[in-house]
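One structure is given here, and the rest of the page talks about it.
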Number of protein chains: 2
Amino acid sequence: MAQQRARAVTQRGLAELAGVSVATVSRVLGSPPEQRHRWAAPETVQTILSLAESHGYTRNPHAASLRTSRSNLVGVMVPRLQDFVLATIYEGIEEAAMENGINTYVMNSLDDTALQRTRTQAMLERRVDGLIFGDAHLDDTFLDELREQGVPLVLTSRRRDGHVSVTCDDYVGGRLVAEHLLELGRTDVVVLAGLEFASTAYDRTRGLIDRLAEAGIDVPPRQMIYRGFDTAAGRQAMREILEAGTRPNAVFATNDFAAIGALGVLQDHGFSVPEDVALIGYNDTPLAESVGIPMTTIRSKMHLMGREALLTLLALLAGKEVQSQKLEPELIVRASSAARDIT
Amino acid sequence: MAQQRARAVTQRGLAELAGVSVATVSRVLGSPPEQRHRWAAPETVQTILSLAESHGYTRNPHAASLRTSRSNLVGVMVPRLQDFVLATIYEGIEEAAMENGINTYVMNSLDDTALQRTRTQAMLERRVDGLIFGDAHLDDTFLDELREQGVPLVLTSRRRDGHVSVTCDDYVGGRLVAEHLLELGRTDVVVLAGLEFASTAYDRTRGLIDRLAEAGIDVPPRQMIYRGFDTAAGRQAMREILEAGTRPNAVFATNDFAAIGALGVLQDHGFSVPEDVALIGYNDTPLAESVGIPMTTIRSKMHLMGREALLTLLALLAGKEVQSQKLEPELIVRASSAARDIT
DNA sequence: TCGTTTACGGCAATCGTTTTCCTAGACTTT
DNA sequence: AAAGTCTAGGAAAACGATTGCCGTAAACGA
């Protein structure tokens, strides 16, 4: 029979055992080690500390939060945790949070603006100290409203004008792809861009277009298609492109998963990669290297992005000045765009 | 300039406005709608409700938790959220939690027993009401210790004797694969089993072996290899098998991602799937359908599993009798094991 | 008529911490 | 010697919600 969990010892209990007041216990237990002596004699400190240790004392966070109205909780909103990219970013957030004694709530918004609102509300009701959004929309003002209300927030993965964010420098990423294509001489490119309202899609596409334009090449609008970031969306987009009769010699998907989806469709239609079509993804997920034909992609520092986002939020909560950060992307060339004979 | 968040109205505030005591406010706001009249006259109820509404009252969960020592929080420990399978299970947990006014903390244990312990400790310190573990180990007693201490917990994804769990019926899943192979006449099978200490790996493998044994076929130990569940592990395992000179006519990976890794290696070595080797995965992740050659796999109800795990924990917390559940798996046949000529 | 319910709701303790004053003595400083 | 300054700590008031225990009237039963 499982025994009842013993009622946890409180500061009051420790105070009685140590023969001091709870105030002293609270001060000793609550100060960083180097400041403890400011509140009690060395031996008192020792007594309290060892009593706490031996009785397995752990502070009741609800009581502390009630008193301080600081919860040490941050809310994280992502489009979907199933998405490897966001899961990785979240791992970075979690890791940094852990290191700083912070806990996190994650929720999926599925990029649905109604859900974004209600779930944010739910986190606010839980009294989070601040929020990290991984699902910012370029075309929705929800985040602006939230900031008007004074809710501390930081964006990651996607940026939005007027908000602090930690993202990959997606515009540069797009340019890197363009440069690679220029070197390959494969500039009749189709862009599987992702979702229109995501800055990632927008910036990556923009970067590519701009760089190609500088080389005098332009990408006709019908060769840019917005369908989503996942495998299914990639398949769908690629299929539509091919069915429309377009025959590019390169495909840039703004996400590795979309690229994998596209790869399957290309092969089904008898195109070989990279001989007929060079294929480039984005994010350098582990799968990029492992699918049938290793894929060229842009490596983005997802884990670090999460860490920095959390750290930025913490700085913001501490009242410091904070700035947006763009992490440097890196081109990883693999077989899917290897320079071979160009037909 | 962002204005300060207005100090939220409390029950006391509402009580003053309504001209009643906080006790009444608490009771009205805290009871389910059909019981509210037990505490106040209809018009009093109305006044309080509309005041709460118009002032945007939200209960302070810290205060409530402090008083009731019930946090409405549950901790969820997974090996890794990057893993699509666990991310999906977690989505199910989250969804059911949301519906029941519960919040969740997730953490990654990376299947490291030390991390499992410290992070569980961290959740307990946050005063979670109960825990869901998606990372149970067959060979570690940590969970038993935890139960001894009276911590309410439910397992999911992986089971462990003596604990309540909600899992896929992996043994049956393994048998389904075996039956499929028997029908195909492909019984010289290699099993990329995953991680030894995971019941998923163990049961799926066991199910396969047992069913084949019933047909008089046995799988030599050197054709079963434990390397992990992800793509990299799948590659590694497959490579080792082939380098050892083994030439199976079927490969069963206990996870789709491992199967995808294996697929790449098989192709690199000049084996074609399914002609030379039939390939079967597990879980029916979206990728299974989308990789170059659509993959035969076992569909497991991951989302539902998460939901049921949470519901089971809630029942447990409510003091009800709860039982383990095994969700029915389903064989999905696709091209990677399509019955064609057998060489 | 008197006793008993029922409806409606208040009092006040409590949950565990933090933090703002205080203080009593010991030491310095001038 | 008087006045400051530390040291080491205490008292008690919050923080916001819940809940066991009562109280008062009106309604009802016999």
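Everything numeric in this text was worked out from a predicted model, so none of it was measured. Protein chains get the first letters and strands the later ones, always in sequence-line order, with residue 1 at the start of each.
Between A:Lys301 and A:Glu308, none of the side-chain N atoms (NZ, or NE/NH1/NH2) sits under 4.0 Å from a carboxylate O, so this pair counts as no salt bridge.
With rounding to whole Å, B:Leu66 atom CG is found 9 Å from D:dC15 atom C1'. When rounded to the nearest whole Å, the span between CD of B:Glu125 and C1' of C:dG16 equals 15 Å. The distance between atom OH of A:Tyr57 and atom C1' of C:dG16, rounded to the nearest whole Å, is 7 Å. Rounded to whole angstrom, the span from the CZ atom of B:Arg59 across to the C1' atom of D:dG16 amounts to 11 Å. Protein atom CD of A:Gln46 is 13 Å distant from nucleotide atom P of D:dG9, rounded to whole Å. The distance from atom CZ of A:Arg70 to atom P of C:dT19 is 12 Å, rounded to the nearest whole Å. Atom pair B:Ile48:CD1 and D:dA17:P shows a separation of 13 Å (rounding to whole Å applied). Put simply, CD on B:Gln11 is 20 Å from P on C:dT14, counting in whole angstrom units.
The residue among B:Val45 and A:Arg12 whose nearest nucleotide of DNA chain C lies closer to the 5′ end is B:Val45.
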What does the list of N/O pairs under 3.5 Å between the protein and nucleotides 5-8 of chain C look like, with a distance for each?
none

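Judged by distance alone, with hydrogens and angles left aside, the side-chain atoms of A:Ser165 form no donor-acceptor pair with the main-chain N or O of A:Thr167 at under 3.5 Å.
Side chains of A:Thr58 and B:Glu125: a donor-acceptor N/O pair is absent below 3.5 angstrom, by distance only. Remark: the A:Glu94 side chain and the B:Asn108 side chain contain no N/O donor-acceptor pair separated by less than 3.5 Å. Of the N and O atoms on the side chains of B:Thr104 and B:Tyr90, at least one donor lies less than 3.5 Å from an acceptor on the other residue. Residues A:Asp129 and A:Ser71 bring a donor and an acceptor atom of their side chains to less than 3.5 Å of each other.
Remark: A:Gly19, A:Val20, A:Ser21, A:Ala23, A:Thr24, A:Arg27 in residues 15-30 of chain A come within less than 4.0 Å of DNA chain D through at least one heavy atom.
Relative ring orientation between B:His137 and B:Phe197 is described as parallel, the plane-to-plane angle staying below 30° on a 0-90° scale split at 30° and 60°.
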request  = Output, in order, the C-alpha distance, side-chain angles, deciding distance and verdict of ring pair (Phe, Tyr, Trp, His ring centres under 6.0 Å) for A:Phe84 and B:Phe84.
outcome  = CA-CA 7 Å; A:Phe84 184 90; B:Phe84 184 89; over 10 Å; no

Anything under 3.5 Å between a donor and an acceptor, one on a side chain of residues 27-40 of chain A, the other on a protein residue two or more places apart or in another chain? List them.
unit_1: A:Ser31; atom_1: OG; unit_2: A:Arg27; atom_2: O; d: 2.4
unit_1: A:His37; atom_1: ND1; unit_2: A:Glu34; atom_2: O; d: 3.2

